[in-house]
Asks: 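The structure under discussion is supplied below as structure tokens; questions concerning it will follow.
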Amino acid sequence: MFKHMLMISTVLLSINTGLAVAAEEVENIPQKSASMQVDDNYNNWRRNVSNKMLSNCEAKGIDTNLPECDFSTNITYGDATVEVKSDNYKWVDARSMAYTKALVDAYTKVALEMSTSNQNVILKELVDDQTPLEPDAIKAKSQMEALWDKAVALVGGTLDKKLEELGVNPEQYNKAPKEKKKTLLKSAISQRSITKALADTSGMVPLQTFEGTDGKGNYAIRVAISKSPKRISLVKSMLRDGSNVPPQTDKRSSKTIDEQIILPDDVLFNQFGTRLLYDKEGYPVLVSFGQAGVVKSGSEAMKAVKLESARNLAKTNARAALTNLLRSSTAFKSVVDQVSKAATDMKLISGNDGITEEMIETVDYTNSTNNSSTTRSQITNFAGIRELHSWSYIHPQLGHEVVGTILMWSPKTAAHAKGIKNAKAATANSAIENYNLQESGVQRGVELDDYDF
């Protein structure tokens with residue numbers, strides 16, 4: 001019996017030890033970065049979308065080798081990282097700005113594809129000067145140096161007194177070592193590349209956003225956008241024709257716009273920018289998502305102010321995204337310098353101990369990059385932008401409070417806005433109903449409309 005118990009104990013111990021080792025090995029597996037996780041998710045999405053595009057072309061009898069059936073021809077993406085960690089109270093707004101940064105990155109790729117100008121300058125240098133640097137050279141002074149020494153001498157006595165008052169030894173202050181340097185050998189090549197691009201980036205509808213985290217508070221964002229000429233043309237026609245844009249019967253949706261867009265708050269939290277949808281009649285609809293973080297405050301009055309400010313920022317972000325889609329241009333400039341150098345320098349140093357000689361050999365490669373992208377957008381007197389929905393959400397893990405706004409535009413909202421603008425004064429007056437104050441909870445304003453449309 002004892003032998004059996006000992007055997008069982010040994011087996012259990014070996015199993016527990018094995019599990020502990022396995023757990024330790026799992027912990028030691030490097031966690032993928034936020035950007036790498038975005039890559040994995042994006043590549044999976046790309047495979048699915050590519051298959052859908054090919055299926056759509058086959059269903060329409062279109063040659064699958066044509067550009068409209070190719071993923072990379074019609075879709076590109078931009079990347080960005082959220083600049084603050086998720087435990088920062090500014091994380092929600094920084095996350096929103098990361099989306100904008102990724103969008104501009106995508107615009108820049110398209111601008112470079114449409115219109116690239118590039119200039120390169122290459123400079124090659126060779127120096128072989130074996131004439132040694134004479135010690136007397138360090139003593140020689142230029143005319144400017146001599147004039148400087150005289151000027152310094154005029155105030156030297158006063159300066160020494162001030163230094164002594166401050167407890168500084170004037171001798172040590174004045175006896176800084178002097179240097180002379182000469183290049184004996186040098187072989188170098190340098191290149192400056194200047195790339196520019198300027199393009200109309202209107203009509204490039206965002207298709208999907210991806211967000212990855214490493215579990216340590218670091219987040220990365222990717223935005224995939226459409227660069228399909230057909231879609232770009234449609235969006236431009238919306239800006240140009242407004243309420244006159246016709247429906248597309250083959251695009252009719254089985255759901256209303258509300259059913260497609262008014263989703264649970266945790267879903268809306270992951271929606272950024274604009275989308276192109278179709279309503280039940282086939283009219284194209286632009287929908288824009290904006291959000292902002294609500295900063296925690298002490299008093300109820302300050303909470304109300306912060307909440308109003310956040311809602312205003314959410315609307316601003318949604319409106320800006322819609323404007324970027326309708327009419328924007330993107331300019332890009334990149335200056336890249338590269339230097340590869342091998343050199344031997346001779347240096348003479350004159351100090352308190354006399355003149356010493358130093359030989360310096362360097363072999364180095366350096367590069368520097370200065371990139372800038374600018375996207376400008378503007379719409380004027382564009383009628384029909386309507387607020388469709390507002391929402392609020394508290395992140396279950398991070399505790400951040402978020403508010404969001406959804407704006408929409410369609411030919412029908414444009415026609416309705418035009419009707420409001422041209423409406424005549426009505427003759428009938430509406431009666432105001434009396435109402436009583438209620439207890440805490442949800443309240444509504446007084447009903448003023450008969451809802452007879």
Side-chain angles (χ1 to χ4, degrees), residues 92-93 95-97 99-100 103 205-209 211 221 223 235 238 242-243 245 247 251-295 303-326 379 382-396 398 400-420 441-449 451 453:
V92 173
D93 294 331
R95 177 174 175 261
S96 182
M97 284 299 293
Y99 163 81
T100 303
L103 182 65
V205 183
L207 301 171
Q208 187 57 274
T209 57
E211 180 179 27
I221 302 287
V223 179
V235 174
M238 293 178 176
S243 60
V245 175
K251 292 284 189 179
R252 287 180 295 189
S253 172
S254 61
K255 295 182 179 180
T256 66
I257 294 299
D258 284 9
E259 290 172 332
Q260 295 180 64
I261 292 304
I262 302 179
L263 303 170
D265 298 337
D266 59 333
V267 176
L268 293 175
F269 176 68
N270 293 312
Q271 295 294 114
F272 290 97
T274 51
R275 296 290 187 275
L276 172 62
L277 306 173
Y278 290 86
D279 65 15
K280 298 185 78 169
E281 297 175 69
Y283 281 102
V285 179
L286 297 178
V287 177
S288 184
F289 301 87
Q291 60 179 260
V294 182
V295 179
K303 285 180 182 177
V305 171
K306 294 296 184 182
L307 181 59
E308 182 180 0
S309 177
R311 284 176 174 161
N312 182 66
L313 181 57
K315 291 177 186 178
T316 298
N317 290 337
R319 196 177 299 113
L322 194 57
T323 304
N324 287 336
L325 175 65
L326 288 167
I379 53 176
F382 185 68
I385 297 177
R386 175 186 298 172
E387 184 173 337
L388 178 65
H389 180 59
S390 62
W391 54 272
S392 60
Y393 177 65
I394 296 179
H395 196 286
L398 304 175
H400 296 300
E401 185 177 355
V402 189
V403 293
T405 298
I406 304 175
L407 302 180
M408 68 167 286
W409 180 93
S410 76
K412 291 195 289 187
T413 62
H416 186 254
K418 186 177 179 181
I420 295 172
V442 179
Q443 298 182 10
R444 297 183 183 181
V446 61
E447 297 285 355
L448 301 176
D449 201 290
Y451 300 106
F453 300 110

Asks: Got a second to check how far F272's CZ is from L103's CG, nearest 0.5 Å?
Replies: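 The distance works out to 12.0 Å.
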
Asks: Could you tell me the separation between the CZ atom of F289 and the OG1 atom of T405, rounded to the nearest 0.5 Å?
Replies: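 Rounded to the nearest 0.5 Å, the CZ-OG1 separation comes to 11.5 Å.
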
Asks: Among pairs that include at least one residue of residues 256-278, which meet salt bridge (Lys or Arg N to Asp or Glu O under 4.0 Å), considering only residues two or more places apart or in two chains?
Replies: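 For residues 256-278, and leaving out neighbouring residues, there are no salt bridge (Lys or Arg N to Asp or Glu O under 4.0 Å) pairs at all.
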
Asks: Where do S96 and Q291 come nearest, in terms of heavy atoms and distance?
Replies: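 Minimum heavy-atom separation between S96 and Q291: OG-O, 4.0 Å.
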
Asks: Ring of F269, cation from R95 - is the NZ or CZ under 6.0 Å from the centre and inside 45° of the axis?
Replies: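 Relative to the ring axis of F269, which defines the angle, R95 lies inside both limits.
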
Asks: Nearest 0.5 Å, please: how far is CG in D279 from NZ in K251?
Replies: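 Those atoms lie 13.0 Å apart.
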
Asks: Run the side chain to side chain contact (heavy atoms under 4.5 Å, CB included) check on F382 and T323 step by step: do they pass?
Replies: CA-CA 10 Å; F382 185 68; T323 304; over 6 Å; no

Asks: Identify every side-chain donor-acceptor pair in residues 309-316 under 3.5 Å, counting partners at least two apart or on other chains, and give the distances.
Replies:
{"residue": "T316", "atom": "OG1", "partner": "N312", "partner atom": "O", "Å": "2.9"}

Asks: Looking only at non-hydrogen atoms, find the nearest pair between S243 and A415 and report the distance.
Replies: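 Here S243 and A415 meet closest at CB-N, 3.6 Å.
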
Asks: Grab the two heavy atoms, one from P284 and one from P411, that are nearest each other, plus how far apart they are.
Replies: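 Reported closest heavy-atom pair: O-CD, 3.2 Å.
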
Asks: Please report the shortest heavy-atom distance between P206 and T274, naming the atom on each side.
Replies: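 In this case the closest contact between P206 and T274 is CD-OG1, 3.1 Å.
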
Asks: Using 0.5 Å steps for rounding, measure from the CG atom of L307 to the CD atom of E401.
Replies: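 Answer for the CG-CD pair, L307 versus E401, is 6.5 Å.
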
Asks: Quick check for you: to the nearest 0.5 Å, what is the distance between K280 atom NZ and S254 atom OG?
Replies: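 Reported to 0.5 Å precision, the distance equals 7.5 Å.
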
Asks: Taking all non-hydrogen atoms of both residues into account, name the closest pair between Y99 and I221 and its distance.
Replies: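 Here Y99 and I221 meet closest at CA-CG2, 4.0 Å.
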
Asks: Partners of E308 by salt bridge (charged side-chain N to carboxylate O under 4.0 Å, His left out), sequence neighbours excluded?
Replies: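 In terms of salt bridge (charged side-chain N to carboxylate O under 4.0 Å, His left out), with neighbours along the sequence ignored, E308 is linked to no residue.
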
Asks: Before giving the answer on side chain to side chain contact (heavy atoms under 4.5 Å, CB included), spell out for Q271 and L263 the whole-Å C-alpha distance, their side-chain angles and the decisive distance to 0.1 Å.
Replies: CA-CA 10 Å; Q271 295 294 114; L263 303 170; 5.6 Å; no

Asks: Any chance you could lay out the side chain to side chain contact (heavy atoms under 4.5 Å, CB included) test for V285 and I261, step after step, and finish with the verdict?
Replies: CA-CA 11 Å; V285 179; I261 292 304; over 6 Å; no

Asks: Would you give me the side-chain donor-acceptor pairs under 3.5 Å for residues 383-396, sequence neighbours excluded?
Replies:
{"residue": "H395", "atom": "ND1", "partner": "Q397", "partner atom": "N", "Å": "3.2"}
{"residue": "H395", "atom": "ND1", "partner": "L398", "partner atom": "N", "Å": "3.1"}

Asks: Say whether, by atom type as modelled, one donor and one acceptor occur between the side chain of Q260 and the main chain of K255 under 3.5 angstrom.
Replies: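 It does hold such a pair.
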
Asks: Quick one: salt bridge (charged side-chain N to carboxylate O under 4.0 Å, His left out) partners of D93, sequence neighbours excluded?
Replies: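 By the salt bridge (charged side-chain N to carboxylate O under 4.0 Å, His left out) rule, D93 matches no residue at all.
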
Asks: Look up atom CG in N270 and atom CD in Q208, then write down how far apart they are to the nearest 0.5 Å.
Replies: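 N270 CG to Q208 CD: 9.5 Å, rounded to 0.5 Å.
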
Asks: Take V205 and L325, measure what side chain to side chain contact (heavy atoms under 4.5 Å, CB included) needs, and give me the verdict at the end.
Replies: CA-CA 7 Å; V205 183; L325 175 65; 3.8 Å; yes

Asks: Tell me every residue that passes salt bridge (charged side-chain N to carboxylate O under 4.0 Å, His left out) with K303, counting only those two or more places apart in sequence or in another chain.
Replies: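 Listed in chain order: E300.
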
